[in-house]
Number of protein chains: 2
Amino acid sequence: MQRPTIAQVAQRAGVSTATVSRVLSGRGPVSAGVQRKVRRAAEELGYQVDPIARALRNGRTDTVGMVVPSISNPFFTSLVESVEHALGREGKELFLCDARSDPEIEARRLATLVARNVDGIIVSPCHGTESGPAVQATADRLPLVQLDRFVGGTSTDWVGVDDIAAMRQVMDHLREGGARSAAFVGSLLTNSSTEQRFAGFRRRAEDLGMGVDPDHVLLGDYSVVWGETATARLLAAGDPPDAIVCADDLIALGVTRACRAHGVDVPGTVQVTGYDNIDFARLGEPALTTVDQPRERIAAEAVRLLAAAAAARDSAAGGRGPSAHVALLPTLVVRESTRAAAPASRS
Amino acid sequence: MQRPTIAQVAQRAGVSTATVSRVLSGRGPVSAGVQRKVRRAAEELGYQVDPIARALRNGRTDTVGMVVPSISNPFFTSLVESVEHALGREGKELFLCDARSDPEIEARRLATLVARNVDGIIVSPCHGTESGPAVQATADRLPLVQLDRFVGGTSTDWVGVDDIAAMRQVMDHLREGGARSAAFVGSLLTNSSTEQRFAGFRRRAEDLGMGVDPDHVLLGDYSVVWGETATARLLAAGDPPDAIVCADDLIALGVTRACRAHGVDVPGTVQVTGYDNIDFARLGEPALTTVDQPRERIAAEAVRLLAAAAAARDSAAGGRGPSAHVALLPTLVVRESTRAAAPASRS
DNA sequence: CGCCTCCATGTAATCGATTGCAGTGCGGTT
DNA sequence: AACCGCACTGCAATCGATTACATGGAGGCG
């Protein structure tokens with residue numbers, strides 16, 4: 001028993017395939033009686049359109065591709081959830097790809113998505129420069145929106161948060177807490193996130209007259225292990241800073257863990273901040289002060305931009321207006337890693 | 001400039017589309033000279049096969065669908081990574097779906113995958129009974145392998161770990177550590193993982209003569225919050241057990257966190273164990289003793305079974321042999337939540 | 001020299017859904 | 001009564017790749 005085709009439905013209903021298609025898609029005039037017959041036949045056979053045949057004919061797949069640097073980073077998975085949610089509202093599906101933080105794999109994924117004829121692509125480029133050619137080449141062929149991270153040398157829409165503003169909030173908060181010097185632990189400056197966040201960090205530190213020892217800028221990757229390693233180095237060098245600002249929560253979790261292991265009190269001796277507000281942030285010991293990204297809104301905005309780009313492409317050929325850059329304002333979430341804990345949370 | 005089709009390549013090379021197809025797919029005899037011409041033409045035009053047209057014609061998509069209960073559970077994302085890796089070796093792609101722990105959404109996802117004509121499906125059913133009909137209906141139409149979790153009333157292949165044996169190891173370890181009573185914190189018994197693990201827990205506890213107070217079996221869901229809630233209840237009731245065995249690491253992280261918040265020493269007063277060995281397990285305070293699942297092997301085995309099922313389907317029609325049940329042996333990873341920490345790790 | 005074989009290649013059908021165009025029939029208009 | 005327009009329906013082309021079958025030509029053998 002193979003899956004029924006439109007032809008079988010047509011035969012059973014005693015009409016042509018054209019009519020069946022018209023009934024099922026709701027396009028074109030069909031008399032009420034025939035509609036009923038067709039619907040019943042379709043129902044009885046359990047007919048479902050074949051998305052492949054439809055895609056071939058229509059040139060649309062109702063599928064959006066998404067490429068993220070790493071599916072094991074909780075921030076990205078929650079972003080994916082939000083995007084999937086937003087797409088669901090438009091009756092579109094998500095095809096998710098993991099770039100494993102490798103621009104080469106990323107380029108292959110993008111090519112695959114183009115080949116698969118997705119309707120649009122949402123990408124968070126893993127590299128600030130090397131991701132450029134592939135992203136641009138892809139954007140030349142399909143509607144594309146960059147999310148969270150972006151890559152230089154491209155002209156595509158982008159949605160994310162204002163990292164500079166976020167860092168201003170973070171630094172002001174640390175200063176209020178009495179910090180007079182700060183360290184920065186991030187990934188290498190090869191992606192826009194660390195780059196922007198570091199720029200925001202440095203600028204505000206200067207404004208506030210907070211010292212930043214060049215040796216207190218440690219760049220590795222987005223991982224707990226790197227946070228631990230960097231902290232060990234910081235502490236080994238002596239003269240630790242009053243605060244450690246991290247480019248994401250994973251790093252911050254590593255930092256707090258290492259502080260604990262070395263007997264350094266957080267926030268008493270050193271304040272620590274993260275970025276992203278992943279679910280695990282509140283599990284740190286102490287719970288992390290971090291920057292919350294409005295994921296739902298980022299996702300919704302990205303989907304909206306994608307739809308707009310697709311529409312523009314259909315009507316005015318090549319009438320690409322200037323690309324949209326939507327920078328949302330993130331929120332600082334204050335927890336124990338920068339403020340004395342509530343009594344009940346002490347161990 | 002639209003994407004080139006096989007017809008354009010054919011025209012440029014001065015041959016028919018059939019010949020182009022034969023050259024590019026390597027099937028059928030084509031003279032060396034023509035081969036060169038075709039290859040060059042394809043190269044110059046940047047031709048790439050259209051997977052949609054190919055899928056329509058061949059009835060194969062070279063894509064495998066995967067449905068997991070929750071993409072935000074680190075265990076599943078790492079399982080996904082492993083599966084994607086294994087599939088990549090066979091030149092297949094992965095279409096990932098999140099069921100949001102809802103059998104209804106899960107059923108829709110499965111239906112979508114069938115409609116999309118994937119070559120096979122890997123699913124970790126979110127519910128031990130309600131997932132049944134959809135999984136069985138899907139398995140009737142496509143090769144399907146259940147992974148990690150499984151659902152009753154179905155006859156499909158399955159790959160996972162031997163939860164009973166794992167729990168035996170856990171319990172023996174706790175007993176060695178001096179535990180004479182134990183609590184169990186899991187999700188509701190509506191999925192096979194908790195069910196099996198609880199069964200293994202209870203059986204071995206009996207064997208060892210360890211007491212299990214009925215009030216010390218707490219069932220909620222797979223989340224940190226539930227672990228915290230359950231612990232609060234356990235402690236509030238007084239007379240806490242010597243050990244708390246958790247059905248997964250997220251729960252265990254909640255448990256240890258709550259213990260810390262309530263000033264209960266782990267492992268001094270209470271030993272705690274997790275399950276899955278997610279990356280965050282070692283970040284607990286103290287780091288979690290847990291059961292490591294051999295993800296790579298599970299994934300590889302699942303892919304192998306899927307390929308075998310697909311092959312069987314092609315040749316012998318309906319000759320489905322008995323379904324394979326592959327239970328791999330997991331490993332106990334001992335960390336500080338059941339053993340006194342190394343001096344350096346003390347806070 | 002004639003016939004047979006086999007290789008290389010082209011022609012056209014096929015997968016399933018959609019849609020432009022054409023045809024049919026009915027009701028209304030002059 | 002002849003004609004027009006409209007609503008409904010069917011025919012057949014189309015999307016792009018694959019492949020069964022047909023064809024043409026070259027070479028071998030008697």
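Each chain gets a letter, A, B and so on, in the order the sequences are listed, and its residues count up from 1.
- Residues satisfying the side chain to side chain contact (heavy atoms under 4.5 Å, CB included) test with Ile71(B), not counting sequence neighbours, are Val80(A), Glu81(A), Leu96(A), Thr77(B), Leu96(B), Asp98(B).
- DNA chain D lies under 4.0 Å from at least one heavy atom of each of the following residues of residues 24-42 of chain B: Arg27(B).
- Nucleic acid contact for Val20(A): none, since no nucleic acid atom lies under 4.0 Å from a heavy atom of the residue.
- With a 4.5 Å cut-off on side-chain heavy atoms, Pro103(A) and Cys126(A) count as touching.
- Formation of a donor-acceptor pair under 3.5 Å by the Gln146(A) side chain with backbone atoms of Val151(A) is found in this model.
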Between the protein and nucleotides 21-28 of chain D, which nitrogen or oxygen pairs are less than 3.5 angstrom apart?
none

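- Within the structure, every pair that satisfies the ring-ring contact (aromatic ring centres under 6.0 Å, His included) test and touches residues 91-121 of chain A, not counting sequence neighbours, is listed here: Phe95(A)-Phe95(B).
- Applying the side-chain hydrogen bond (donor to acceptor under 3.5 Å, both in side chains) test to residues at least two apart or on different chains, the pairs with a partner in residues 99-108 of chain A are Glu106(A)-Ser131(A).
- For the ring pair (Phe, Tyr, Trp, His ring centres under 6.0 Å) test, no residue two or more places apart in sequence or in another chain qualifies with Phe75(B).
- Note on the helix from dC1(C)-dG30(D) to dT30(C)-dA1(D): angle between the axes of the first and last five pairs equals 70°, rounded to 10 degrees.
- Under a 4.0 Å N-O distance rule, the pair Glu301(A)/Arg304(A) qualifies as a salt bridge.
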Would you tabulate the nitrogen or oxygen pairs shorter than 3.5 Å linking the protein to nucleotides 13-17 of chain C?
| from | atom 1 | to | atom 2 | distance (Å) |
| --- | --- | --- | --- | --- |
| dT14(C) | O2 | Arg57(B) | NH1 | 2.6 |
| dG16(C) | N2 | Ala53(A) | O | 3.4 |
| dA17(C) | OP1 | Tyr47(A) | OH | 2.4 |
| dA17(C) | OP2 | Ile6(A) | N | 2.4 |
| dA17(C) | O5' | Tyr47(A) | OH | 3.4 |

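- The backbone N or O of Asp62(B) lies less than 3.5 Å from a partner atom in the side chain of Asp119(B), making a donor-acceptor pair.
- Within the structure, ring-ring contact (aromatic ring centres under 6.0 Å, His included) contacts touching residues 103-130 of chain B (residues at least two apart or in different chains) do not occur.
- With sequence neighbours left out, Ala42(A) forms a side chain to side chain contact (heavy atoms under 4.5 Å, CB included) with Val9(A), Tyr47(A).
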Worksheet item: How would nucleotides 23-28 of chain C be written as a contact map, 5' to 3', with B for base contact, S for sugar-phosphate-only contact and - for no contact, using protein heavy atoms under 4.0 Å?
Response: ------
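- The existence of a salt bridge linking Arg39(A) and Glu43(A) is excluded, since no basic side-chain nitrogen approaches an acidic carboxylate oxygen closer than 4.0 Å.
- The main-chain N or O of Asp148(B) is found under 3.5 Å from a side-chain atom of Trp158(B) such that the two form a donor-acceptor pair.
- Applying the side chain to side chain contact (heavy atoms under 4.5 Å, CB included) test to Pro294(A) and every residue at least two apart in sequence or in another chain returns Val161(A), Arg297(A), Ile298(A), Leu328(A).
- By the 6.0 Å contact criterion, CD on Gln11(A) is open, its count of non-hydrogen atoms from other residues, nucleotides or ligands being 12 or less.
- Residues Arg12(B) and Gln8(B) form no side-chain contact, since every pair of their non-hydrogen atoms from C-beta on lies 4.5 Å or further apart.
- At dC11(D), none of the side-chain N or O atoms of Ser16(A) fall inside 4.0 Å of OP1 or OP2 (strictly under the cut-off).
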